[in-house]
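Start at 1 and go down the list; that is how both ligands and their atoms are numbered.
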Amino acid sequence: MLTMEVPWNLVKSRIGGEPASVRMIESLEHDYLDRLVEDLPQVDSMVGIGGGMANDAAKYFAWKRGCSLILVPTIVSVNAYATPAAAVREKGIVHYLGKVFPKKVVIDYKAIQSAPKRLNTAGTGDIYSCRTALFDWKLSHEKTGESYDETAAAGSQLILDRLVSNANEIKNVTEKGIRTLVELHVETNRVQTLAGKARPEEGSEHIFFYALEELTHRSFVHGEVVGTGIYVLTRFQTAEEDTVAGVMDSMGLMFRPRDYGLSHDGFIKTVLHMKEYSQQNKMFYSILDTIEISRQDAEKLWEKLSA
Ligand SMILES: [Zn+2]
């Protein structure tokens, strides 16, 4: 069993049984995980209990050992429990390794509801990102001839519709809200598999996140920063950033820079770094390839986001 102190205390009285071994996970660094794979005893199943870190570590372990996998997400802020690869760090840089499908994903509503609400509503970031991602994918299809899968794109649109129509349940982290988030995380993974790429869910809004991490070397709640990215990139895609802000507020997604302690300078630098980041890292084609962002643009966005 791989877990962390807080989630383990939440669920240990309810799991019904004694695990062969309980290990608190400390990092997702590749070396650390490989040592764990060597150290831990022979087990039939690996159970990952907690947030992204515990679930990713359990996936990596199950993949390396070839044992079965059970995931118990205690927050739904990231979709780690719904994707087959483990997000492993190599000196802090994320790499996706392995392919493993859990035998079971256990949703413990009580545990999830006991976490701060914003950690769960952050789970909407990687779903609502379908909106900006679809725009970029279609743009690339038109401008570069990149393959575009109508069925996957339609699936992605349905995900968006369902997300928005359940905004209130999600904001209040009700059982229905949690179930919706979980099903939509699974569904986004399904449409990505169908498309054979991340395009239906990942677009230029994620480049805001990557550029920010590169500049600050700080770790953030992924979905909240992706939310800022959705706002910023929507400004350049369709100028519907106010609509998007309304939707994100209705889902309780904390997407404004001050919500997670990002300063004016940090924000401006990130907005101005996005295009460069995309080109340097040979990222997918997106709206960033068609625009120049000025300092005034960035300042105007900051002003609106801090109003
Ligand atoms: Zn993401």
Open item on the list: So for atom NZ, which belongs to Lys197, do other residues, nucleotides or ligands contribute more than 12 heavy atoms lying within a distance under 6.0 Å?
Closed with: yes
Task: Linked hydrophobic residues, Ile75 as query - side chain contacts closer than 4.5 Å - done: Leu119, Val221
TODO: Would you mind counting protein N, O or S atoms that sit less than 2.8 Å from the Zn ion (ligand 1)?
DONE: 4
Task: Arg89, CZ atom: more than 12 neighbouring heavy atoms under 6.0 Å - done: yes
TODO: Any pair with a residue in residues 41-55 that passes side chain to side chain donor-acceptor pair (under 3.5 Å), sequence neighbours left out, goes on the list, sorted by first then second residue, please.
DONE: Ser45-Ser68
- [ ] Go through the structure and list residues passing ring pair (Phe, Tyr, Trp, His ring centres under 6.0 Å) with Phe61, not counting sequence neighbours.
- [x] none
Open item on the list: Taking atom NZ as the centre, does Lys143 end up with more than 12 heavy-atom neighbours from other residues, nucleotides or ligands that are less than 6.0 angstrom away?
Closed with: no
